[in-house]
Undergrad: 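I am attaching a structure below and will ask some questions about it afterwards.
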Protein chains: 2
Amino acid sequence: MNVHVPRKQLADSLGHVERIIPNRSSNPGLSLLRLELSEDKLIFSGSNMDIDIQATLKADVEGSGQLALPAHVFAQVVRALPGEMVELDFGENELEIISGNYATKLQLADSNAAPLLSFPKEYRGHLAGGQLAKVLSHVRYAAAVAEYQAIFRGVKLELSDKKTRAVATDGFRLAYYHLDEASGLDAEFVLPARSVDELVKLLDGGEVKLELGEGQLSLATASYKLNVKLMEGSFPDYEKIIPSQFPVSISLDAKTLSEAVSRVAVMADRTANNRVDFFIKDGSLQITAEGGYGRSQEALEVSQEGDESQIALAYNAKYLVDALNPLQDELRFSFSGTTSPSLLSSLSDLSYLAMVVPLRTG
Amino acid sequence: MNVHVPRKQLADSLGHVERIIPNRSSNPGLSLLRLELSEDKLIFSGSNMDIDIQATLKADVEGSGQLALPAHVFAQVVRALPGEMVELDFGENELEIISGNYATKLQLADSNAAPLLSFPKEYRGHLAGGQLAKVLSHVRYAAAVAEYQAIFRGVKLELSDKKTRAVATDGFRLAYYHLDEASGLDAEFVLPARSVDELVKLLDGGEVKLELGEGQLSLATASYKLNVKLMEGSFPDYEKIIPSQFPVSISLDAKTLSEAVSRVAVMADRTANNRVDFFIKDGSLQITAEGGYGRSQEALEVSQEGDESQIALAYNAKYLVDALNPLQDELRFSFSGTTSPSLLSSLSDLSYLAMVVPLRTG
């Protein structure tokens with residue numbers, strides 16, 4: 001078996017697969033890459049138990065067969081190769097990798113030791129890859145980190161004949177992104193936030209095909225196939241906690257607000273939730289923070305609406321900055337009360353909604 | 001007391017001082033920045049016990065006096081400021097920092113708690129800052145890391161009426177950089193490698209003045225003054241271990257060699273000194289490495305000289321790559337024997353010399 005393939009394409013393709021395959025694992029087979037040669041294709045696959053990945057690469061192939069080799073060593077060798085083209089020469093127990101004046105002999109592993117993965121034959125759904133990436137990447141920040149209840153560490157996808165929506169929440173904040181676009185699937189499920197990170201890196205401008213199987217979502221782009229394990233558990237019924245009455249709301253430029261919050265928060269006390277205080281009155285937003293080193297403040301002019309003439313409340317500065325990050329241009333910041341959730345959204349595009357629960361004060 | 005100063009200049013100047021002042025210290029006074037206002041100048045100073053630093057900044061100053069404040073909080077506030085200009089307003093116990101719509105009140109510390117530093121009034125030596133930076137930065141890599149004898153963690157400077165030379169060694173490799181230039185000082189001393197790193201960052205195109213005091217080297221550029229504590233102990237007599245007889249020597253392009261060594265070393269065993277083997281014969285350099293995953297090799301054409309027709313030896317790949325890093329264009333690699341030091345130098349410029357001791361083989 002012998003393969004000729006351009007180095008750059010081999011390295012790119014291998015790079016994506018390598019990111020998913022664990023470097024060390026209690027199951028040594030998991031750190032192996034499975035390589036299949038057939039006709040004019042080189043097919044790599046690997047898994048970290050949460051994601052199965054398969055990459056297909058056009059190549060000049062002689063012979064056919066399957067084998068396994070240590071994924072990270074192979075990827076490291078390929079990255080270092082000097083030439084434009086790479087020759088892979090498969091022997092009984094070793095793979096010779098030749099490029100320019102350089103040659104490496106890499107020992108093969110038992111191909112039965114590498115995970116044997118299967119991917120759907122048919123996919124019932126599809127979306128533009130860029131759209132799915134956008135939906136997921138807008139909300140991913142709001143998923144909880146390790147210390148919370150497992151289901152909060154996921155991103156919920158809601159697919160129907162009317163919408164494609166992603167939601168994430170850690171109980172203190174929530175983000176959703178709503179697209180009026182059908183994928184052909186009708187289902188709701190939760191993906192681990194870490195798998196979402198990998199997914200977003202692999203989605204490109206082309207179409208992504210979708211299929212829902214037993215406990216997994218399968219995706220296929222032109223070059224990659226993925227099975228992503230779904231999370232178990234029930235996601236909170238978030239729609240009923242999104243407030244609809246806002247005694248005060250303001251609008252201003254998103255970047256201006258984000259920068260002011262970051263600046264004022266320099267003096268905030270990190271051991272007290274990075275608290276920044278908001279006081280809104282007469283079209284002015286006063287942001288203040290106080291900590292062990294002193295006190296800082298900044299006033300911004302805002303366009304103010306609502307039945308109440310003023311409101312005072314406090315937030316975790318980090319949560320605000322995270323929620324503001326996907327927003328550009330003018331935003332609306334709507335306050336339902338001093339202890340009930342506040343909403344952030346764009347004035348011009350209502351696809352993205354962020355909710356932040358104020359800190360209890362006093 | 002009141003100061004107006006451009007934000008960018010304040011942030012740059014403070015950035016250099018902040019890097020030296022420890023963030024946490026068992027001596028809380030060390031984390032303070034001393035600030036002096038006088039006429040049209042703002043003077044910051046601080047110390048980490050190994051380096052004292054003073055920065056001078058032109059500013060619009062009303063009043064005069066001295067005070068102290070937490071260096072890292074002050075620097076963080078300044079970095080975040082929104083406006084082009086900064087106003088510093090000094091009260092009894094606090095400093096108000098105003099820029100654009102933003103204002104911070106930072107509590108002052110007792111100015112007696114901050115280190116009181118003194119810098120020489122006169123400097124007898126001087127060099128071009130860029131030259132001193134070049135001399136030091138060429139050799140710094142060869143200094144030992146923490147686990148070795150203390151003096152090996154330093155960089156030796158040799159100053160005389162004929163030369164300015166820096167040397168570093170960790171016992172397995174050595175680098176020197178020699179400049180036929182007098183600084184006006186005649187002395188030899190050892191600077192901690194970490195202080196050298198800071199020094200190199202502060203040296204600019206302008207002149208640097210030098211003075212040697214009790215256990216310290218003092219340096220002054222247009223904007224900064226530094227006292228760098230010298231290391232105690234006797235630096236090895238390196239000149240007598242530099243070989244002068246070379247049965248084999250080769251010349252080739254530095255970058256070509258460095259890249260080939262890096263590539264082959266991918267398969268080297270990290271637990272066995274990253275060993276790469278060299279075999280030189282008939283104008284060819286064969287580089288090989290072998291480890292748990294397999295074996296790699298690359299052959300390079302070289303121009304070979306010397307009385308012996310061939311030589312085989314081994315190196316720590318990392319040491320070779322470090323030694324090659326300052327070299328460009330054609331280099332000479334001279335082999336004194338399989339267990340005695342090898343030398344690396346440029347064919348065109350003999351200022352820089354690197355010595356690497358081969359690994360014991362067999």
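Worth knowing before you read on, the calculation uses all heavy atoms, side chains too, and leaves out hydrogens, waters and symmetry mates. Lettering follows sequence order; numbering is per chain, from 1.
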Undergrad: Listed by chain and number, what are the side chain to side chain contact (heavy atoms under 4.5 Å, CB included) partners of A:S251, not counting sequence neighbours?
TA: A:S303, A:E330, A:L347
Undergrad: Could you check B:V248 against B:Q304 for side chain to side chain contact (heavy atoms under 4.5 Å, CB included), going step by step and ending with a plain yes or no?
TA: CA-CA 7 Å; B:V248 179; B:Q304 184 179 341; 4.2 Å; yes
Undergrad: Heavy-atom distances under 4.5 Å only: say whether A:L95 touches chain B with side chain, backbone, both or neither.
TA: neither
Undergrad: Let's test your reading of the structure: which of B:G292, B:A80, B:A299 forms the most heavy-atom pairs below 4.5 Å with chain A?
TA: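 The residue among B:G292, B:A80, B:A299 with the greatest pair count is B:A80.
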Undergrad: Contact part of B:Q297 toward chain A, heavy-atom cut-off under 4.5 Å: side chain, backbone, both or neither?
TA: both
Undergrad: Could you walk me through whether B:Q310 and B:F279 pass side chain to side chain contact (heavy atoms under 4.5 Å, CB included), step by step?
TA: CA-CA 7 Å; B:Q310 64 178 69; B:F279 179 61; 3.6 Å; yes
Undergrad: With a 4.5 angstrom heavy-atom cut-off, could you sort out which part of A:P70 is near chain B: side chain, backbone, both or neither?
TA: side chain
Undergrad: Please walk me through it: do B:I21 and B:N48 pass side chain to side chain contact (heavy atoms under 4.5 Å, CB included)?
TA: CA-CA 5 Å; B:I21 296 180; B:N48 65 6; over 6 Å; no
Undergrad: Quick one: CD on B:Q66 to CG on B:L37, what's the gap to the nearest 0.5 Å?
TA: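 B:Q66 CD to B:L37 CG: 9.5 Å, rounded to 0.5 Å.
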Undergrad: Check whether B:R275 reaches the backbone of B:A268 with its side chain - one donor and one acceptor, N or O, closer than 3.5 Å.
TA: no
Undergrad: Got a donor-acceptor contact below 3.5 angstrom from the A:S296 side chain to the A:V264 backbone?
TA: yes
Undergrad: Give, as side chain, backbone, both or neither, the part of B:L81 having an atom under 4.5 angstrom from any heavy atom of chain A.
TA: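 Contact with chain A: backbone only.
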Undergrad: Checking side-chain polar atoms at under 3.5 Å, does B:D269 have a donor or acceptor matched by the opposite partner on B:T271?
TA: yes
Undergrad: Suppose a student defines contact as a heavy atom less than 4.5 Å from any heavy atom of chain A. Which residues in residues 313-325 of chain B would they list?
TA: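 Within residues 313-325 of chain B, no residue comes under 4.5 Å of chain A, counting heavy atoms only.
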Undergrad: Pick whichever of B:E96, B:E290, B:Q76 has the most heavy-atom pairs under 4.5 Å with chain A.
TA: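 Max contact count across the listed options: B:Q76.
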Undergrad: Taking side chain as everything from C-beta outward and backbone as N, CA, C, O, which of these in B:Q107 sits under 4.5 Å from a heavy atom of chain A? Side chain, backbone, both or neither.
TA: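 Contact with chain A is through both the backbone and side chain of B:Q107.
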Undergrad: Do A:F74 and B:Y293 have ring centres separated by under 6.0 Å?
TA: no
